[in-house]
Amino acid sequence: MSKVSQRSAGSPQSSAPQGNDIYNIVLLVVDILVLIAKFWYTIAEAIVGLFRPPPLEEVRGKVVLITGTGHGMGKQMALQYGQLGATILCWDVNEQTNNQTVKEIQAKGGKAFGYVCNVTKREEIIELAQKVRKEHGFVSVVVNNAGIMPCHPLLEHTENEIRLMYDINVVSHYWIIQAFLPDMIERNEGSIVALSSCAGLFGLINLVPYCGTKFAVRGYMTALAEELRQKNPQNNIKLTTIFPYMIDTGLCKNPRYRFPSLFKLIAPDVAAASIIEAQRQGLEEASIPRHYVTIEKLGRLIPRKAMRLVNDFLDTGVDTDKQ
Ligand SMILES: NC(=O)c1ccc[n+]([C@@H]2O[C@H](COP(=O)([O-])OP(=O)(O)OC[C@H]3O[C@@H](n4cnc5c(N)ncnc54)[C@H](O)[C@@H]3O)[C@@H](O)[C@H]2O)c1
Ligand SMILES: *[C@@H]1O[C@H](CO)[C@@H](O)[C@H](O)[C@H]1NC(C)=O
Ligand SMILES: *[C@@H]1O[C@H](CO)[C@@H](O)[C@H](O)[C@H]1NC(C)=O
């Protein structure tokens, strides 16, 4: 392509196309035809995929690392991966609740190991990563799940609160990925899962910095997928970004909805099963419920003003956690 454009910018005296030019034009036409054919083949494949979900990858005998396993979805994922026969590495800042998760997995005959880790501490992550790789070998699945959600108007957020939220919800993911991705690249296998949120799809009041962190997760995961693919066209490392709606873990303190039957809180174990399915299917993005991602895509096609009318009608969101 660059050769063709060079020609048009080049010497005006060679107005008649020469053999080389014709060759380049033919190449370009072939390129375009191949693009069109592959483009439509991929679309057809995606449509077929809608009716035939991808097969589930085996996790039995594999090592799965999850952050934030002391409570909520992290805990439920740990329990369920344990039931599937994986070895679970449980990372949480809360030693007591994390120990409890490990005990529950072991009581059901699963394999689990607990580690205390405040994911805001980069050195702690690097040290712990070396330790678990030595003790357990290749980590096949990494789930960046730990997160916090202070909920009030932007002007009421303190500096510490905002910085801590970014450190836990986003920055820690970079250190964890930098620690485990090199092994995955070497073997060209593995999965990285990141918890974004519906707050990473839509802008919500009382959650301005939180939405920032969850859009950030969506952004870096999309970019990392491109980086892996362009560095290795045969890349087989799967990246999965999860966009849960409100899950009944206590994280979301004051949910508000006009139509509770339409937007009911989802149980943490149901959400965990959905995340595990998405990881095992190798989905790039998965919302809980699944159709929310599609609604967001369609929503972008309509004018914002029109979308706001629908939002106001649905009157769904989270109220401040102060007072
Ligand atoms: N609950 C929801 O409605 C909802 C919706 C969308 C997205 N999410 C996201 O899903 C993830 C899990 O949410 P949840 O509701 O299960 O949370 P949760 O509050 O129930 O559990 C979070 C766990 O993370 C741990 N944790 C907190 N800070 C940590 C730190 N600095 N280092 C290590 N561990 C730490 C906590 O000790 C706790 O065990 C979060 O990233 C959250 O933002 C939750
Ligand atoms: C958690 O478990 C570890 C290892 O079994 C133990 O050393 C530690 O004291 C426990 N901590 C708490 C708070 O229960
Ligand atoms: C984790 O470390 C940060 C500082 O890096 C601190 O502000 C936060 O309180 C710690 N979290 C817990 C639960 O101890």
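Atoms within a ligand are numbered from 1 in the order they appear, just like the ligands themselves. Small disclaimer: the values here were computed from a predicted structure and weren't measured.
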Does any pair with a residue in residues 231-241 pass side chain to side chain donor-acceptor pair (under 3.5 Å), and if so which ones, sequence neighbours excluded? Asn236-Lys238
Short list, please: which atoms of ligand 3 are under 4.0 Å from a heavy atom of Val93? 12 (C), 13 (C), 14 (O)
Which of the numbered atoms in ligand 1 are under 4.0 angstrom from any heavy atom belonging to Ala146? 24 (O), 34 (N), 35 (C), 41 (O)
Does some non-hydrogen atom of Phe243 fall short of 4.0 Å from ligand 1? no
Electrostatic pair Arg280:Glu277 at N-O distance under 4.0 angstrom: no
Taking heavy atoms and a distance under 4.0 Å, where does Met149 meet ligand 1: side chain, backbone, both or neither? neither
Below 4.0 Å from any atom of ligand 2, which residues have a heavy atom? Give them in chain and number order, please. Glu95, Asn99
Where at least one partner belongs to residues 53-68, residue pairs that pass side chain to side chain donor-acceptor pair (under 3.5 Å), sequence neighbours excluded: none
Test your reading of the structure: does Asp92 have an N or O sitting under 3.5 Å from an N or O of ligand 1? yes
Are Thr97 and ligand 1 in contact, using a heavy-atom cut-off of under 4.0 Å? no
Could you tell me the residue and atom name of the protein heavy atom closest to atom 29 (C) of ligand 1, and the distance to it rounded to 0.1 Å? Val93 CG1, 3.8 Å
Looking at every heavy atom in both Ser287 and Val293, which two are closest together, and how far apart are they? OG-N, 3.1 Å
Close-contact set for ligand 1 against Gly68 heavy atoms, below 4.0 Å: 23 (C), 24 (O), 25 (C)
Examine the proximity of ligand 1 to Cys117 and report which part, side chain or backbone, both or neither, has a heavy atom under 4.0 Å away. backbone
Which pairs count as ring-ring contact (aromatic ring centres under 6.0 Å, His included) when at least one residue sits in residues 21-50, sequence neighbours excluded? none
Answer yes or no: does an N/O atom from Ile247 fall short of 3.5 Å to an N/O atom of ligand 1? yes
Heavy atoms only, cut-off 4.0 Å: how does Ala199 contact ligand 1, side chain, backbone, both, or neither? neither
